[in-house]
Each structure stands twice: as C-alpha cells, then as structure tokens.
Amino acid sequence: MPIVSDVIAAVTDFAMARINILLMMATFVSGGVFAFLFLLTDASASRNIRGFLRFFMPASGWLSHSTKIDVLLYFVIKFSFRWVALFAAILTTFLAEKAGVALRAWFQFDQKLQSGPVTIVILCIIMFMFSDLGEFISHYTQHKNRYLWEFHKVHHSATFLTPLTASRVHPVGVLLDAVFIGVCRVIPVTLIVFFYGFSIVELLAMQASASLVFSLLTLGTLQHTHFSISFGILDRIFISPRMHQVHHSVARKHWDKNMGSRLSIWDWIAGTAYLATRDEVHKYGIGTVEDERGDYQRIWWCFLGPIVKCTVALRRTVARTKRMILHPERAGGE
C-alpha cells in the first residue's frame, strides 16, 4: 500500500477545508438574512438593521459560556480532524485493496466499463451516500451505546448553536466517525475500482467533492444555528437546519431524533425521523441535570469527563456482574 497514495487520499479528503470556511461564512450570512426576511413573521420584531443584528447574532447566545467552549474546542479538534481524515483514508484504502484482491480471485473481469460525465456524477453520488451512511451509523451508535453516549454528550451540551458547534466533539467521537465512514466506503470503492478502473485516490476525491456540494445544497452550516429553516417536502430526503435543531432540543420527545448528517432517508428507514413546526424547539442541551450544573461548560471536563464517567460505569457493571456470579441468589432482589 503506497504511502504516497495514502497521503494524497487524506489530503483529498479534507483539501477543501479552507475553501469550505469561506463558503460556511457566506452560507451563514445569507441564511440569516433569509430567515430574518422570510421566516420572522413576529409583528413585534424590528425590521431594521438593529432588529436584524439582534436576530442574527443575539448577544445572549454569542457571548454565552457555551459559545466560548465552542471556540476553544474548535481550535483543539481542528488539529485532530486532520489525523482522523488521514486514518479514514488509510482504512478505506487498506480494506478496499484487500477486498479487491479477493474479488479479482473470484471473478475474471478484465474489460473495464466506460465512464462518461453522467456515470461519474452517479458514482460521486454513490460515494457520498455510503459516506453519509457511515456518519449516520456512527451517530446512531453513539446515541444508543451508554458508554459512547458519554463522549457524544460533549456535542449535545451546547446551550446555544453556532456553526462552530459542529466541532464541539470529543476526539473519541471523531475517531468513531472515521472508522464507520472508512468501513462503509469500502463497498463502493472496491466495486468501482473493479468495474471502472478508477484509483482509490480519485474516488476519495470524488467523494470529498460530492460531500462539499451536498453540504452547501443542504445548508449544512445552518444546522447548528437558531435559523429555523425547513426544506418542506424535501425534508423527506435531506436533513434541514430545523430537523437538526430538533436533534439538539432538550425536549424528551426530540431525543435520539434526526441523526442523519445530510440525508434524512436513513432516519426515515430507522424510524428516528421527526418533523417539527417552526417554533417547536425552544431550548438546546442534553436535557438532564448536567445542563443545570454546567458540567460541560468547563473545557477540561469536556475531555476528561466522559472518560471518568465511563470508568465509573464500567466498574459498577463489573462489580454487579461479580455479585451475580458469586451470589446468584441475590440477583433477583437487586
């Protein structure tokens, strides 16, 4: 497995990061203007520059401690994202090459299929869909596993949503995303390389490009904002900002809903999709006493807290298991 190819693949996987920052800012500003002009129907709202600024960047939110944690974690996680992208690319390359060897041993197929512009677009969409599926499976797993949820709580502890909240994550969660995405991409990568002859580097470049395009089309930057924008009937296919805001709601009926990244089809299949009205989400956070205590409003606890909680929970589980084995007659009374 050529090291050069791995490096190129990794660079390709996040090569558009710098450009994406500019696009993110443009989307945020334009989305705020749209939300203010077309979605803000409150008659008492001031439709002037001052009113727009209060709506667009409310001081109570942007100057909150939650936003300060977002900023700090953004710079910390930004560095780890690079290594995670490298790991995901290496994992996909390694597994795809192994799977390709097995596929060639089973089937004799020397004639490569021709790929025109339409075919390339279709392949880009396929690559994107499998990558998005990997993100959904990772996200779903982090919500349903009691230990992984402790790490994912860091993201849900934001009490005000900003575009930087997307980077308010624990490194363990980022690593899990890389594993699931890397594994899910193996299927399309192996088959496309086998039938069309593309290199793995080219396919990862196609996937990165498609992901950027779909992130722009689905207003991914606005998912972590207070701009309640819905896609209407297209919410059945894509995750709109409003759908993801539901995911961050403290309301119990919103817990574990809308876990997709850009496509909502996985949520509809899994039964976790939820369509909310415009004013249904009022407050963000974990939805437990941890919000009131401000557990995750301390930068050091965002990193060490999940480890401490998992260790304590694991010790209790081990102790309970020992008691059940050594004293089975007491198990029914616990």
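- None of His155, His254, Gln223 except one satisfies the side chain to side chain donor-acceptor pair (under 3.5 Å) rule with His248; the exception is His155.
- Formation of a donor-acceptor pair under 3.5 Å by the Ser131 side chain with backbone atoms of Met127 is not found in this model.
- Across all non-hydrogen atoms, the minimal contact from Lys68 to Leu63 is CE-O, 3.9 Å.
- The two atoms that bring Gly182 and Val186 nearest to each other are O-CG2, 3.3 Å, heavy atoms only.
- Closest approach of Cys310 to Glu150, counting heavy atoms only: SG-CB, 3.8 Å.
- Criterion: ILVMFWY side-chain heavy atoms under 4.5 Å apart, direct or through other members. Under it, Leu176 and Leu133 are part of a common hydrophobic cluster.
- Note that the CD1 atom of Ile265 and the CZ atom of Phe238 stand 8.5 Å from one another [nearest 0.5 Å].
- Using a 3.5 Å distance cut-off with no hydrogens or angles, the side chains of Arg168 and Ser157 do pair a donor with an acceptor.
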Derivation of the ring-ring contact (aromatic ring centres under 6.0 Å, His included) call for Phe160 and His226
CA-CA 8 Å; Phe160 180 77; His226 58 288; 5.7 Å; yes

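- Looking at Ser228 and Arg242, their side chains come closer than 4.5 Å, going by heavy atoms from C-beta outward.
- A 4.5 Å side-chain heavy-atom check between Arg236 and Trp268 finds at least one atom pair inside the cut-off.
- Using modelled atom types, no side-chain atom of Asp70 and backbone atom of Leu164 make a donor-acceptor pair closer than 3.5 Å.
- Using a 4.5 Å heavy-atom threshold, the side chains of His170 and Tyr296 count as separate.
- Atoms CG and CG, on Leu217 and Leu212 in that order, are 9.5 Å from each other to the nearest 0.5 Å.
- Under a hydrophobic-cluster definition in which Ile, Leu, Val, Met, Phe, Trp and Tyr are linked whenever side-chain heavy atoms come within less than 4.5 Å, directly or via other members, Ile122 and Ile120 are assigned to the same cluster.
- Under the salt bridge (charged side-chain N to carboxylate O under 4.0 Å, His left out) criterion, Glu280 pairs with Lys253, sequence neighbours left out.
- Side chain of Ser211 to backbone of Gln207: a donor-acceptor contact under 3.5 angstrom is found.
- Looking only at side-chain heavy atoms (C-beta outward), Met243 and Tyr274 stay at 4.5 Å or farther from each other.
- Hydrophobic clustering (ILVMFWY, side-chain heavy atoms < 4.5 Å, transitive): Leu275 and Ile233 are in distinct clusters.
- Ring-plane geometry between His156 and Trp149 is classed as tilted, the angle between the planes lying from 30 to 60 degrees on a 0 to 90 degree scale.
- Checking Arg185 against Thr92 by side-chain atom types alone, a donor-acceptor pair falls below 3.5 Å.
- Note that CD1 of Ile307 and CZ of Phe151 are 5.5 Å apart. Values are rounded to the nearest 0.5 Å.
- In plain terms, the two heavy atoms of Ile286 and Val250 that are nearest each other are N-CG1, 4.5 Å.
- Across all non-hydrogen atoms, the minimal contact from Tyr284 to Thr225 is OH-O, 4.0 Å.
- Taking all atoms of both residues into account, the shortest heavy-atom contact from Cys302 to Pro306 is O-CD, 3.6 Å.
- Side chain of Asp267 to backbone of Met259: a donor-acceptor contact under 3.5 angstrom is found.
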Show the numbers, then the answer: is there a side chain to side chain contact (heavy atoms under 4.5 Å, CB included) between Thr165 and Thr162?
CA-CA 5 Å; Thr165 306; Thr162 75; 3.5 Å; yes

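- When side chains are defined from C-beta on, Trp301 does not count as touching Val154, because their heavy atoms never get closer than 4.5 Å.
- Within the 4.5 Å cutoff, side-chain heavy atoms of Asp132 are placed close to those of Trp266.
- A donor-acceptor contact under 3.5 angstrom links the side chains of Thr317 and Tyr147, judged on distance only.
- Side chain of Ser64 to backbone of Gly61: a donor-acceptor contact under 3.5 angstrom is found.
- Ring planes of His152 and His139: perpendicular class, angle over 60° (limits at 30 and 60°).
- In this structure, the side chain of Thr141 engages the main chain of Ile137 through a donor-acceptor pair within 3.5 Å.
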Could you walk me through whether Phe231 and Leu219 pass side chain to side chain contact (heavy atoms under 4.5 Å, CB included), step by step?
CA-CA 10 Å; Phe231 297 150; Leu219 304 178; 3.9 Å; yes

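- Residues Gln245 and Ser249 have side chains that never bring a donor and an acceptor to within less than 3.5 angstrom of each other.
- By the 4.5 Å heavy-atom criterion applied to side chains, Met206 and Ile192 are not counted as neighbours.
- Between Ser240 atom OG and Asn258 atom CG the span is 7.5 Å, to the nearest 0.5 Å.
- Note: the hydrophobic cluster containing Val193 also contains Tyr196 (ILVMFWY, side chain heavy atoms under 4.5 Å, direct or indirect links).
- Separating the CZ atom in Phe128 from the CD1 atom in Ile125 is a distance of 9.0 Å, to the nearest 0.5 Å.
- Contact of the Ser167 side chain with the Leu73 side chain is not registered, since no non-hydrogen atoms from C-beta on lie closer than 4.5 Å.
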Passes side chain to side chain contact (heavy atoms under 4.5 Å, CB included), Leu263 versus Phe136? Steps please.
CA-CA 9 Å; Leu263 297 177; Phe136 173 80; over 6 Å; no

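- Hydrophobic clustering (ILVMFWY, side-chain heavy atoms < 4.5 Å, transitive): Phe194 and Leu203 are in one cluster.
- Donor-acceptor pairing under 3.5 Å is recorded for the side chains of Asp235 and Ser230.
- More than 12 heavy-atom neighbours from other residues, nucleotides or ligands sit within 6.0 angstrom of CZ on Arg293.
- In this structure, the separation between NE2 on His244 and CZ on Arg262 is 11.5 Å, given to the nearest 0.5 Å.
- The local environment of NZ in Lys283 is sparse, with at most 12 non-hydrogen atoms from other residues, nucleotides or ligands closer than 6.0 Å.
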